[in-house]
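See structure below.
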Amino acid sequence: TVVLVGLTTNHCVSSTARMAGNLGLQTYVVSDAVAAFDNEDLNGNHLGAELMHQTALASIQEEFATVTDTNHMLSLLTT
């Protein structure tokens, strides 16, 4: 089992979740313990950090990892 927290949602966290999922590990991403930064698309349009964060979480949810929050993760660890 792998539990992921840290920076950045759309880079390191996503890459690690994808690799762990591909290796068959039970993988959790704690959504309120990861974050992203503002970015720009290929046309120079601003993409806010929250959009980057939510898009990255949506792209890994249920395909590579289970996306959850801190409270739910802690409840899983205490049972």
Side-chain angles (χ1 to χ4, degrees):
T1 300
V2 177
V3 178
L4 299 173
V5 300
L7 294 172
T8 60
T9 313
N10 54 314
H11 291 132
C12 301
V13 174
S14 177
S15 295
T16 304
R18 289 169 188 272
M19 290 302 299
N22 286 335
L23 292 171
L25 299 172
Q26 183 176 17
T27 306
Y28 294 93
V29 175
V30 185
S31 62
D32 56 338
V34 297
F37 298 107
D38 289 357
N39 208 334
E40 289 184 356
D41 68 14
L42 297 176
N43 297 314
N45 298 308
H46 178 260
L47 302 171
E50 186 62 18
L51 175 63
M52 298 297 300
H53 176 70
Q54 293 299 330
T55 302
L57 292 175
S59 70
I60 59 176
Q61 168 66 6
E62 297 306 329
E63 187 169 352
F64 300 100
T66 299
V67 177
T68 189
D69 63 19
T70 299
N71 288 334
H72 184 250
M73 192 73 242
L74 290 174
S75 73
L76 293 175
L77 294 173
T78 58
T79 56

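As the structure is a computational prediction, the values presented were derived from the model and not from experiment.
- Leu77 and Val2 are members of different hydrophobic clusters when ILVMFWY side chains are connected at heavy-atom separations under 4.5 Å.
- Between Ser14 and Ile60, the closest heavy-atom pair is OG-CG2, 3.8 Å.
- When all heavy atoms are compared, the tightest approach of Ala33 to Thr70 is CB-OG1, 4.4 Å.
- Remark: Leu25 CG to Met19 CE distance equals 10.0 Å, nearest 0.5 Å.
- None of Asn10, Thr8, Thr9 except one satisfies the side chain to side chain donor-acceptor pair (under 3.5 Å) rule with His53; the exception is Thr9.
- Rounded to the nearest 0.5 angstrom, Leu76 CG and Thr68 OG1 are separated by 6.0 Å.
- Residues Ala20 and Thr27 come closest through the heavy atom pair CB-OG1, 3.3 Å.
- Contact check for Arg18 versus Ser59: side-chain heavy atoms found under the 4.5 Å cut-off.
- The two atoms that bring Phe37 and Met52 nearest to each other are O-CG, 3.6 Å, heavy atoms only.
- Two different hydrophobic clusters hold Val67 and Val3 under the rule that ILVMFWY side chains link at heavy-atom gaps under 4.5 Å.
- Under a cut-off of 6.0 angstrom, the local environment of CD in Glu63 is sparse, with at most 12 non-hydrogen atoms contributed by other residues, nucleotides or ligands.
- Considering all non-hydrogen atoms of both residues, Ala17 and Ala65 come closest at CB-CB, 4.2 Å.
- Closest of all the heavy-atom pairs between Leu4 and Val34 is O-CG1, 4.0 Å.
- Interatomic distance, OG1 of Thr16 versus NE2 of His11, reported as 12.0 Å (0.5 Å rounding).
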